[in-house]
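Below is one structure, written out as structure tokens; comments come after it.
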2 protein chains.
Amino acid sequence: MKSGMPAPDGIQPARRATIREVADAAGVSRSTASRALTGRGYVAPPVRDRVREIARGLGYVPDATARHLRQQASQSIGVLVSDLSNPFYAGLAAGISQQARKRQYTMMLADDGGSPEVEVEAAEAFVALRVAGVIVTPVSAEVSTYLARQQIPVVEVDRQFSVGVCDAVVVDNENAARRVIHQLLDLGHRRIALVIDEMHWTTGRDRLAGYRGAFAAAGVPLDDSLVVTAGWDVDAARIEAHKLLSRAEPPTAIFAANNVLAEAVWRAAAELNMPIPERLSLVSFDDVSWMSLVRPGVTAVAQDPVALGEAAISQLFERIQSPHAPVRTVLLSATVAARGSTAPPPA
Amino acid sequence: MKSGMPAPDGIQPARRATIREVADAAGVSRSTASRALTGRGYVAPPVRDRVREIARGLGYVPDATARHLRQQASQSIGVLVSDLSNPFYAGLAAGISQQARKRQYTMMLADDGGSPEVEVEAAEAFVALRVAGVIVTPVSAEVSTYLARQQIPVVEVDRQFSVGVCDAVVVDNENAARRVIHQLLDLGHRRIALVIDEMHWTTGRDRLAGYRGAFAAAGVPLDDSLVVTAGWDVDAARIEAHKLLSRAEPPTAIFAANNVLAEAVWRAAAELNMPIPERLSLVSFDDVSWMSLVRPGVTAVAQDPVALGEAAISQLFERIQSPHAPVRTVLLSATVAARGSTAPPPA
DNA sequence: CTGAAAGCGCTTACAG
DNA sequence: CTGAAAGCGCTTACAG
């Protein structure tokens with residue numbers, strides 16, 4: 001390469017164009033340039049067109065942070081989920097992203113890995129950025145309380161920690177769980193285990209309530225040893241499921257309270273060569289794609305995370321528009337995708 | 001409710017605290033308050049502690065947008081992916097989110113749904129927000145060109161459109177594809193189909209090259225009718241696969257160029273009652289969780305999207321630190337997860 | 001050791 | 001119909 005050649009970078013302007021440069025180039029004031037560019041306030045049409053033309057030529061992109069600082073209102077929302085690698089949360093984020101874009105909002109996303117501390121930290125970052133609102137799948141009551149105190153509209157989705165304090169969009173966990181257990185009881189199952197992550201959050205509590213409710217409605221006594229808490233890790237849960245299925249009197253059916261637990265049970269059954277549904281019936285809460293790829297397919301409560309995300313963002317925008325409207329909890333119902341993983345218990 | 005009671009909202013301060021209020025409450029200037037809070041510049045220790053105490057008491061959260069405006073540097077990055085519902089992209093985003101948090105950066109995320117127009121729009125929004133850099137799984141050459149022109153550091157990940165123009169992190173598609181096809185040839189397969197989304201992007205082009213290369217190396221002639229372009233939609237691809245498998249002389253093995261196509265082939269084979277691997281061997285590029293849940297498991301090239309995301313963000317930060325360092329392409333190798341979906345061709 | 005002043009890039013009443 | 005001025009909430013040389 002010849003020396004003395006201009007560096008390739010030399011071709012580009014050193015800095016990004018500001019409204020001042022656009023105004024100067026157009027021979028108008030910054031006020032006029034601003035009016036021309038935003039379309040707010042009057043400016044003579046020919047002037048408007050010239051300013052816009054010049055802005056385009058300079059590759060001018062208005063600084064959104066400066067605009068938001070001035071207007072004291074931001075065009076972005078914060079989203080806080082527990083685990084993007086879980087298709088449920090990924091679908092939720094996808095639905096929110098989609099709708100945010102349609103409304104010209106950008107989305108700040110954080111994956112808190114299920115940690116309450118990380119969740120609050122991420123919420124603080126959102127507050128610092130002055131987001132217009134936050135959607136969260138909470139892992140403790142703190143996030144929503146904190147955000148509410150900071151005057152930031154917040155919608156809890158999937159789980160609800162701050163009932164009555166902030167808006168929420170959740171599915172009708174209890175009913176869906178009841179329906180699915182009812183079907184197992186109808187098939188003749190009596191030893192139906194519930195493999196669940198935990199039982200204090202609304203998701204766990206309500207799915208457990210549905211499970212219990214179905215037994216009560218059928219007048220079937222319930223064996224508490226069949227409710228096993230298996231946490232959030234697939235491998236740990238798989239070991240729990242393995243133990244459960246190795247008992248002297250194993251369950252004839254298992255209700256897995258989420259897709260991770262269903263995967264754990266599925267793997268455990270395979271390890272033990274326990275054919276589904278001949279020796280074991282399996283039902284899952286949360287329908288993800290592998291459940292229709294395996295043989296037999298897994299009967300599952302289908303939640304439609306994308307729709308859940310869309311409902312959450314709709315609620316958030318309503319809240320931003322009407323800060324003083326009464327707090328609302330939106331309850332979405334779920335359907336049951338019946339597949340081949342259930343059958344009458346072995347004789 | 002009694003009238004005359006203060007509205008619940010009345011309890012909270014009308015506005016968020018600013019540094020001015022912190023300074024006033026502490027009886028110091030805004031300059032001093034700023035120095036105390038940021039830790040930059042000197043301030044007497046007792047004063048510092050008092051200011052911080054008061055800030056905490058007021059629930060003061062500094063306005064990051066104002067800070068960034070002043071410092072002309074932002075602490076967030078933009079991430080642009082094609083489809084969050086696809087576990088590959090979700091894993092990528094998860095890896096990036098993780099690392100961003102560790103470095104105290106926030107992540108703006110947009111799902112462009114594979115549309116070049118949406119992708120450029122989203123990039124414009126990132127420019128407006130003055131992100132420190134962007135990571136993108138590009139669907140056209142425009143995004144990176146545009147961002148480069150706007151002086152925003154950009155890293156292309158998974159696919160590479162702007163070779164030599166911006167940094168990239170990709171996997172060694174050609175080698176991985178060659179290895180996997182080589183294994184099929186070794187098993188005795190000759191009619192090996194390639195089901196691919198498209199063949200112009202680096203991913204498609206290189207996987208095709210690996211496929212071709214393996215045939216050439218083995219001296220086996222290649223039947224071009226066995227390369228079928230199936231797009232991005234599972235259902236459309238399933239129909240293509242169905243047609244392929246229904247030919248008079250169907251392939252004895254299929255190499256699906258990504259996880260969506262593998263799912264399509266899997267479903268088509270099930271519809272046709274074509275046992276895998278007895279009648280059809282299947283190999284996938286991209287290993288996602290269902291592939292180890294089905295029986296037989298699907299042999300797949302494993303890319304580790306989380307690691308890919310982490311590599312991309314590392315590269316991005318290096319670029320932010322050294323804007324004039326030579327452009328770099330990082331090539332990650334991939335492993336093959338051998339499972340039960342391959343066998344010698346039927347006699 | 002601290003404070004007054006300037007300025008980041010915008011928008012918006014207001015004056016003319 | 002347009003421009004000068006003020007100000008959003010910060011930070012940072014600089015003066016004292």
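Values below: all heavy atoms of this structure, side chains included; hydrogens, waters and symmetry mates excluded. Chain letters run A, B, ... following the sequence lines, proteins first, then strands; residues in each count from 1. Bear in mind that the values here come from a model prediction, so they are computed numbers and not experimental data.
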**Item:** Partner nucleotide of C:dA4 by Watson-Crick or wobble geometry (both distances under 3.5 Å)
**Value:**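 Matched C:dA4 with nothing under the 3.5 Å cut-off.
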**Message:** When both hydrogen-bonding distances must be under 3.5 Å and the geometry is Watson-Crick or G-U wobble, what is C:dA13 paired with, if anything?
**Reply:**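 Partner of C:dA13: none.
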Measure from the side-chain heavy atoms of [X] and tell me the nearest of [options].
X: A:Leu69; options: C:dA4, C:dG9, D:dC10; value: C:dG9
X: B:Val28; options: C:dG3, D:dA5, D:dT2; value: C:dG3
X: A:Ser31; options: D:dA5, C:dT2, C:dC10; value: D:dA5
X: B:Ile19; options: D:dA4, C:dC10, D:dC10; value: D:dC10
X: B:Ala44; options: C:dC1, D:dG3, D:dT12; value: C:dC1
X: B:Ala66; options: C:dC10, C:dC8, D:dG9; value: D:dG9

Interatomic distance where [atom1] belongs to [X] and [atom2] belongs to [N] [whole Å]:
X: B:Arg40; N: D:dC10; atom1: CZ; atom2: P; value: 14 Å
X: A:Arg30; N: D:dC1; atom1: CZ; atom2: P; value: 23 Å
X: B:Asp63; N: D:dC8; atom1: CG; atom2: C1'; value: 9 Å
X: B:Gln75; N: C:dC8; atom1: CD; atom2: P; value: 21 Å
X: B:Gln72; N: D:dA13; atom1: CD; atom2: P; value: 14 Å
X: A:Leu58; N: C:dG9; atom1: CG; atom2: P; value: 15 Å
X: B:His68; N: D:dC10; atom1: NE2; atom2: C1'; value: 11 Å
X: B:Arg48; N: C:dC1; atom1: CZ; atom2: P; value: 12 Å

**Request:** Tell me which of A:Pro45 and B:Arg67 sits closer to the 5' end of DNA chain D, going by the nucleotide each one is nearest to.
**Result:** A:Pro45
Does a donor on one side chain sit under 3.5 Å from an acceptor on the other, for [X] and [Y]?
X: A:Gln315; Y: A:Arg328; answer: yes
X: B:Arg159; Y: B:Ser82; answer: yes
X: B:Ser140; Y: B:Glu142; answer: no

**Given DNA chain C, 5'-ward residue of the pair B:Tyr42 and B:Gln71, judged by closest heavy atom** =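 Here B:Tyr42 is the residue nearer the 5' end.
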**A:Pro62 or B:Val43, whichever maps to the more 5' nucleotide of DNA chain C** = B:Val43
At 4.0 Å (heavy atoms only), tell me whether [X] reaches a base, stays on the sugar-phosphate, or touches nothing.
X: A:Ser34; result: base
X: B:Thr38; result: sugar-phosphate
X: A:Arg35; result: base

**Request:** Output yes when at least one side-chain N/O atom of B:Thr32 is less than 4.0 Å from OP1 or OP2 of C:dT2, else no.
**Result:** no
**Message:** Closer than 4.0 angstrom, basic N to acidic O: yes or no for B:Glu53 and B:Arg56?
**Reply:** yes
**Salt-bridge contact A:Asp167-A:Arg319 (side-chain N to carboxylate O under 4.0 Å)** =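 Between A:Arg319 and A:Asp167 there is a salt bridge, with a charged N closer than 4.0 Å to a carboxylate O.
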**Message:** Would you call the rings of A:Trp201 and A:Phe161 parallel, tilted or perpendicular, taking 30° and 60° as the class edges?
**Reply:** perpendicular
